[in-house]
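Given the structure is predicted, the values throughout are model-derived calculations rather than measurements.
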Amino acid sequence: MPSKTEETFVNHLLAQMSLEEKLGQLNQVNPGSEFDPSVLREGKAGSLINASGALTGQGFSDSGSAELSNHFQKLALEARLKIPLLFGRDVIHGFRTVFPIPLAQAAAFDPDLAGQAASIAAREATASGIKWTFAPMLDIARDPRWGRVAEGNGEDPFLASQMARAVVKGFQGDDLSAPEKLIACAKHYVGYGAAEGGRDYENGEISEPTLRDVYLPPFHAAVKAGAGTLMSAFIDLNGIPATANRRLLTDVLRGEWGFDGFVVSDWESVKELIHHGVAEDEAHAACLALQAGLDMDMVSGVYLNTLGESLRQGKISMEEIDEAVRRILRIKHRAGLFDQPFTDPLRARRDLLTPEARNLARQFARQSMVLLKNDRDLLPLQGFRRILVAGPFVHARGELFGTWTPDGRTEDVTPLDEALRQTAPKDVELWFAEATDLALHLAHHADAVVLLLGEHPVRSGENCNVSDLGLPPGQAEFVQAMAALGKPLVLVVFAGRPLAITQQVSLADAVLYAWHPGIEGGAALGEILFGVEAPSGRLPITFPRATGQVPIYYNQKNSGRPVHPEGQFKTRYLDLPPSPLFPFGFGLTYTRFEYSNLRLSSDTLRGTLEISAEITNIGARPGAEVVQLYIRDLVGSLTRPIRELKGFQRVTLQPGESRCVSFTLREEDLAFTRADGTFGVEPGKFHVWVAPDSVSGLRGEFRL
Ligand code: BGC
């Protein structure tokens, strides 16, 4: 809710604004090579995107981002009404301190950690003159061919909602006007992950119940956490481009959820309404978007250039323009820009890449790596004197960053080989080989082999889709040749998506999924390989056995002909087992856990229900387990998912230690979009699991 002083301030300012000044506020400009700074003095820009040395080529030095923003801000404040500019930039998984990619962050199943990382990113970005980030990306993704799966939290609405809340809070804190806080932008609203065939920018269709129960919840969580802004998606969803969807941008977002911030388009997505075939020309596109509830036009310029004429022709009203301006001014006011439009250039030296930030990046990288296989406890590597480390990532530095890291610097990263050398025990000899031939030659003399494989970051991210989820060309053959030598074989896979590595998993003794782990990825990997730390990540997305198995996700419906009565996986292919390669929630560590003593506080849920189980570390090493709570609503007016995640907790246990882990399930946790379109619960029987992943665990039953 806007406060009274905020609204008084905003309305007072609005009352003094000319039409041109209002349209200027709705206009976001990219200060690229053809940028004419006089637009700032004339009040024709409300926001600048990417305003830092890294992208504008202005040659400003390190702290120059703040200086550059200040320089632009000074020009903007020369305009008649002195309305400060809002500087926006893609601060997606860190700024100078690059954290693991968002998909990896989700794998840590630790929203608090994600919140701390967001808070560090906010401090670094604001020190560099940025006050607004285009994150978090909250698109549910069920198709890993889509390159942007790397930028989100995977397939599950519950996990994604927890992450949304934590990250928004981390960026924004409780007071957006604090100098080290950053305005969040939940994107891409909504349904962007449903692009057909995993082809970015493609159209998609999502049924209303699935939209409500799967795709919208993370955005709702972000709004509830106070996200200042949202970004509309490029997608044409069910025939209406998201940028012109009044029902979603206004009725749901403002009407149902009470959002009072502003919505920015995606890059030129207002103008793209012409390509979508819903607008005749730029003027028409601008009217459609504005009237749908889209407040700021990202760089296409069509609001600035056409809305004035459309107003004169009576196609839109001044009230519609005013409302959009009001929302933008409100967020600028809330962010303290009117009082503090400038950034202290000295902050950058103090706030960038601190030891605390690096430590967190390392912890996050460790927690996000997922151990998928570990036959005969090959990992951690022990008792091997000569270890060959081979493959395309051997000398990786910037390659560890992943997609969307315009502010990460290669020179800040310890090369992977060096990082491994630093973490290996003194009596271990490490040999490195990037080239396949050399690696195969050296392997003959090694006691064990670690292959560092996977995708280069440019293979995931925006519009980096693949039709084949296998390893990049040549790598499968490399694994096969290496496996044929019969040495103990560890695969470490770097990737921005789940890869269908079925054959490689069967050939290797151990497989560790490292994603793109960020600036401290090398050290984190070394610590895990050599047993200084144990892996504890869990899959935030289902791993298919083959590309043709996509879409495959754990919260599927049962179908009329499920594979077996428990209905873990329905229907089939003739040439593949029905189960995925690895299910959602799965991940091993260096010890084992036993689940016992499932208890429900009652056989009927009235208001709340307590569910607990005892988790025991039955191995010889300490370890962390992500204990997961799932439910199944057995009968509904609409068919229900075979499992839905409703809670998770990380517990660390010493060998032999037991802990009772308990969850509270509330009646509202069972609500869904019912056959009549309303949202609520339905009485009946439910299954509940306390589980290590989405296909196993202890099962109980209760009624509502
Ligand atoms: C992407 C957005 C991003 C924007 C600004 C677009 O192409 O889809 O995610 O925030 O560019 O860089």
Side-chain angles (χ1 to χ4, degrees), residues 144 369-396 399 416-417 420 424 428-456 459 466 468-495 497-515 525-526 528-531 535 537 539 543-549 575-577 579-582 586-590:
M369 294 184 186
V370 187
L371 183 62
L372 296 174
K373 179 178 182 182
N374 197 18
D375 277 5
R376 298 182 308 283
D377 291 331
L378 175 58
L379 289 179
L381 293 166
Q382 275 167 338
F384 300 109
R385 254 186 35 77
R386 289 161 307 194
I387 301 175
L388 170 67
V389 182
F393 279 81
V394 160
H395 307 295
E399 294 84 351
L416 201 38
D417 45 356
L420 294 185
V428 169
E429 239 178 80
L430 289 181
W431 304 339
F432 295 97
E434 196 177 339
T436 313
D437 292 355
L438 177 63
L440 288 167
H441 171 75
L442 289 174
H444 287 282
H445 311 283
D447 304 322
V449 177
V450 178
L451 294 189
L452 308 180
L453 307 161
E455 297 185 311
H456 190 279
R459 207 168 175 268
V466 293
D468 181 349
L469 290 171
L471 286 166
Q475 296 189 12
E477 294 79 356
F478 184 34
V479 176
Q480 215 162 357
M482 197 55 92
L485 302 182
K487 304 279 174 170
L489 182 60
V490 180
L491 297 189
V492 177
V493 183
F494 296 92
R497 56 161 63 80
L499 291 171
I501 46 172
T502 308
Q503 196 204 16
Q504 293 75 44
V505 169
S506 72
L507 291 173
D509 302 290
V511 180
L512 181 71
Y513 219 78
W515 315 101
L525 177 64
I528 287 182
L529 290 178
F530 298 111
L539 297 180
F543 271 46
R545 290 175 188 273
T547 312
Q549 221 180 12
D575 53 352
L576 280 180
S579 58
L581 180 59
F582 296 108
F586 177 79
L588 305 168
T589 185
Y590 294 158

Backbone of G454 reached by a side-chain donor or acceptor of Q475 within 3.5 Å: yes
R545 side chain vs T502 backbone, donor-acceptor pair below 3.5 Å: no
Full working for side chain to side chain contact (heavy atoms under 4.5 Å, CB included) between I387 and D447: CA-CA 6 Å; I387 301 175; D447 304 322; 5.8 Å; no
Side-chain heavy-atom pair L451, Q504 within 4.5 angstrom cut-off: no
Results of side-chain hydrogen bond (donor to acceptor under 3.5 Å, both in side chains) for D377 - residues two or more places apart only: R592
Nearest non-hydrogen partners of L371 and F586, listed with the distance: O-CE2, 4.3 Å
For F530 against L420, the heavy-atom pair lying closest together: CE1-O, 3.9 Å
W431 side chain near L438 side chain, heavy-atom distance below 4.5 Å: no
Exercise: identify the closest heavy-atom pair between N374 and A510: OD1-CB, 3.8 Å
Pair F582 and Y513, ring centroids less than 6.0 Å apart: no
Contact summary for P544 and L469, nearest pair of heavy atoms: CG-CD1, 3.9 Å
CG-CG distance between L372 and L539, expressed to the nearest 0.5 angstrom: 5.5 Å
Side chains of V450 and L381 in contact at under 4.5 Å (non-hydrogen atoms): yes
Inter-residue atom distance L499.CG - R459.CZ, 0.5 Å rounding: 6.5 Å
pair M369-L525: side-chain heavy atoms closer than 4.5 Å: yes
Flag side-chain contact, heavy atom, 4.5 Å: F384 against V428: no
Throw together a table of side-chain donor-acceptor distances under 3.5 angstrom for residues 485-493, partners on residues two or more places apart or in other chains.
unit_1, atom_1, unit_2, atom_2, d
K487, NZ, H444, O, 3.0
K487, NZ, A446, O, 2.9

Minimum side-chain heavy-atom gap L442-F432 below 4.5 Å: no
Closest approach of E399 to F393 (non-hydrogen atoms, all atoms of both residues): CB-CE2, 3.9 Å
Least distance between heavy atoms, V394 atom then A433 atom: CG2-O, 3.7 Å
Heavy-atom side-chain contact between L388 and M482 under 4.5 Å: yes
From CG (L588) to NZ (K373), nearest 0.5 Å: 11.0 Å
Side chain to side chain contact (heavy atoms under 4.5 Å, CB included) evaluation trace for F543 with V505: CA-CA 12 Å; F543 271 46; V505 169; over 6 Å; no
CZ on F494 to CG on L452, rounded to 0.5 Å: 5.5 Å
Side-chain heavy atoms of H445 within contact of R386, under 4.5 Å: no
Distance in Å, T547 OG1 paired with Q549 CD, rounded so as to fall on 0.5 Å steps: 9.5 Å
